[in-house]
Peer 1: 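Just dropping this structure here.
Naming convention: chains lettered A, B, ... in sequence-line order (proteins, then strands); numbering from 1 in each chain. Only this structure's heavy atoms are used, side chains among them; waters, hydrogens and symmetry mates stay out.
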Amino acid sequence: MTTSSSQPNEGKPRDATYWAQPVSRLKVSGVPSEAINLNVDGRRVMSPLQGFGQMWQKNYRIRLAGTKSIPAEVIKTWKENFQKFWPPGNRFYAPLTSISPGEVAVLNLSGPGGIKLSTGIMVIYADDESFTFMTPEGHMFSGWITFSAHTEDSHTVAQAQVLIRANDPLYEIAFRMGGSRQEDQFWVQTLTSLAAHFGAEGEVEMQATCVDPKLQWSQAKNIWHNAAIRTVLNTPVRLARSLFRRNAINTR
Amino acid sequence: MPAQSFEARVRRQGGIAIVDLHGEINSFADEGLSTAYAEASSQNPAAILLNFAGVDYINSTGIALIVGLLAQARKSGRRLLTSGLSSHYVEIFQITRLADFMSIFSDEASALASVPTPAS
């Protein structure tokens, strides 16, 4: 094969509309007032290579037996009802324009001991049969999650694939002490709810592979952005603001 | 739905293994990409160059596959270089922050020139 020094493929490729435009920092807009909107604005997205812990690839999949819905219909429904399929206690504040490339969503997640964790995601890729989220600095994981559907043996299969590593040493400890199992349960529940929406029942199959067992100590500094710590530290401020607002309304 | 066509061929120049990629990098490229990478790394090259000049489609699963190769390369302390990426794919490598870890060259010659020749 010969190669030249000219730039190939300068015409717009077919995948161009599916990818987000590059951004240096995330910008959140249109978040409901009840949401805890912390740790997203101004953060950079993180690939699985920027994290601290071991890199894991996990696939969760469920066969939607009995449904006539084709993969594109499943993905359309999943995008439109993303929050609905999440386990209770966790909130996905969807972007106003739905799940499309470049949109940013705020997440309020339930942590151990009832603590709330505020973080977010950016939609980096979305087509008719898949969409991918990338996490920001401070999220439990650095990496991305791809949701997709395809046909297999005449059945539609829905799956979530994560490629992640814990973002900092604290998250890595939590991941090893039950966080990994909690993550598994999260996506098992999500896929089970999705299947139930389509009237299908079935077992979620899971496959986990450790892609890189090494810890990246050079990334231990990520703890500075740790969203769990920052959300907890911000709690008194939020309570004070809420009290102040209530008092202001009462004195009017 | 993208067609399921992908091909990867390995050749060598000096101490560098060059993997010429063609077609679409999506979930169907998994096996072909892994096989080509294994072949490329088999003779302990100083670096592996992924030549994307023949690639006209990459989805997010494809990017995840490239991350997997990058993780393998880092584990074995090997440089992974790229060439032939269009400006669109250079942008994608920036969005996904792969560009932080891979040296991106506009053409093969400059990629090869960046790898020091081993002393004989």
Side-chain angles (χ1 to χ4, degrees), chain A residues 1-16 18-24 44-50 55 57 71-72 101-102 122-134 142-148 150-151 159 161-163 165 209-214 216, chain B residues 1-3 7 9 11 18-22 24-28 49 51-75 83-102 105-112:
Chain A
M1 188 189 147
T2 57
T3 54
S4 72
S5 59
S6 64
Q7 287 284 313
N9 305 329
E10 283 307 316
K12 217 171 188 188
R14 285 173 296 131
D15 56 39
Y18 305 142
W19 285 98
Q21 294 295 308
V23 288
S24 53
R44 293 181 306 168
V45 288
M46 301 283 277
S47 86
L49 298 155
Q50 270 98 13
M55 192 193 293
Q57 184 166 36
M122 177 185 173
V123 183
I124 57 157
Y125 182 92
D127 65 21
D128 290 344
E129 297 186 352
S130 68
F131 55 102
T132 300
F133 296 160
M134 203 164 169
S142 62
W144 50 73
I145 309 168
T146 296
F147 306 92
S148 62
H150 62 276
T151 307
Q159 68 179 10
Q161 295 173 291
V162 302
L163 183 63
R165 64 196 327 157
T209 310
C210 185
V211 180
D212 182 3
K214 281 199 288 198
Q216 300 201 123
Chain B
M1 172 85 186
E7 203 183 334
R9 278 175 287 170
R11 57 196 165 92
I18 302 161
V19 185
D20 295 316
L21 307 168
H22 295 268
E24 304 177 350
I25 306 185
N26 54 31
S27 58
F28 300 106
L49 170 62
N51 176 11
F52 286 87
V55 173
D56 58 5
Y57 185 97
I58 307 179
N59 69 6
S60 55
T61 306
I63 289 290
L65 296 178
I66 297 164
V67 171
L69 299 188
L70 195 48
Q72 284 185 56
R74 285 165 64 81
K75 208 155 80 179
S83 70
L85 284 166
S86 67
S87 53
H88 167 65
Y89 290 123
V90 169
E91 266 190 5
I92 288 172
F93 274 49
Q94 285 165 352
I95 298 164
T96 55
R97 300 197 63 186
L98 280 181
D100 295 6
F101 292 90
M102 291 172 108
F105 296 92
S106 58
D107 57 73
E108 188 177 313
S110 42
L112 295 176

Peer 1: Of all the heavy-atom pairs spanning B:T61 and A:T146, show the shortest one and how long it is.
Peer 2: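 Between these two residues, the closest heavy atoms are OG1-CG2, 4.2 Å.
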
Peer 1: Please classify the contact of A:Q21 with chain B as side chain, backbone, both or neither, using a heavy-atom distance under 4.5 Å.
Peer 2: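 Contact with chain B involves both backbone and side-chain atoms of A:Q21.
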
Peer 1: Among A:V45, A:T132, A:I124, which residue meets the side chain to side chain contact (heavy atoms under 4.5 Å, CB included) test with B:T96?
Peer 2: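 Per the side chain to side chain contact (heavy atoms under 4.5 Å, CB included) rule, the option paired with B:T96 is A:I124, out of A:V45, A:T132, A:I124.
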
Peer 1: What's the verdict on side-chain contact (heavy atoms from CB on, under 4.5 Å) for A:M55 and B:R74, showing C-alpha distance, side-chain angles and the deciding distance?
Peer 2: CA-CA 12 Å; A:M55 192 193 293; B:R74 285 165 64 81; over 6 Å; no

Peer 1: Which distance, rounded to the nearest 0.5 Å, do you find between the OG of A:S148 and the CG of B:N26?
Peer 2: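 A:S148 atom OG to B:N26 atom CG measures 11.0 Å (nearest 0.5 Å).
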
Peer 1: At their closest point, which heavy atom of A:M134 faces which heavy atom of B:I95, and how far apart are they?
Peer 2: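 Where A:M134 meets B:I95 most closely, the heavy atoms are CE-O, 3.7 Å.
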
Peer 1: Using every non-hydrogen atom in the two residues, find where A:V211 and B:G68 come nearest and quote the distance to one decimal.
Peer 2: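 That closest heavy-atom pairing would be CG1-CA, 4.3 Å.
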
Peer 1: Identify which part of B:I63 has an atom lying under 4.5 Å from any heavy atom of chain A, answering side chain, backbone, both or neither.
Peer 2: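 B:I63 touches chain A through backbone and side-chain heavy atoms alike.
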
Peer 1: Check whether A:R14 reaches the backbone of B:Y57 with its side chain - one donor and one acceptor, N or O, closer than 3.5 Å.
Peer 2: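 Pair absent, no side-chain N/O of A:R14 close to backbone of B:Y57.
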
Peer 1: Go through B:D100 and A:L49 one step at a time and tell me if the side-chain contact (heavy atoms from CB on, under 4.5 Å) criterion holds.
Peer 2: CA-CA 9 Å; B:D100 295 6; A:L49 298 155; over 6 Å; no

Peer 1: Shorter than 4.5 Å, heavy atoms on both sides: which option in A:A16, A:A20, A:P213, A:S24 has the most such pairs with chain B?
Peer 2: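 Among the listed options, the one with the most contacts to chain B is A:A16.
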
Peer 1: Which heavy atom in A:W19 sits nearest to a heavy atom in B:N59, and how many Å separate them?
Peer 2: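 Reported closest heavy-atom pair: CZ2-C, 3.5 Å.
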
Peer 1: For the residue pair A:W144 and B:S60, what are the closest heavy atoms and their distance?
Peer 2: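 In terms of heavy atoms, the two residues are closest at NE1-O, 4.4 Å.
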
Peer 1: Let me confirm one number: the OG-CD distance from B:S27 to A:Q161, rounded to the nearest 0.5 Å.
Peer 2: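 One finds 7.5 Å between OG of B:S27 and CD of A:Q161.
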
Peer 1: Minimum heavy-atom separation for B:K75 and A:D212, please, with both atom names.
Peer 2: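 The pair with the smallest heavy-atom distance is CD-OD1, 3.9 Å.
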
Peer 1: Take B:R97 and A:R44 through the side-chain contact (heavy atoms from CB on, under 4.5 Å) test and state the conclusion after the steps.
Peer 2: CA-CA 10 Å; B:R97 300 197 63 186; A:R44 293 181 306 168; 3.5 Å; yes

Peer 1: Might you work through the side-chain contact (heavy atoms from CB on, under 4.5 Å) test for B:H88 and A:D15, ending with a clear yes or no?
Peer 2: CA-CA 9 Å; B:H88 167 65; A:D15 56 39; 2.5 Å; yes

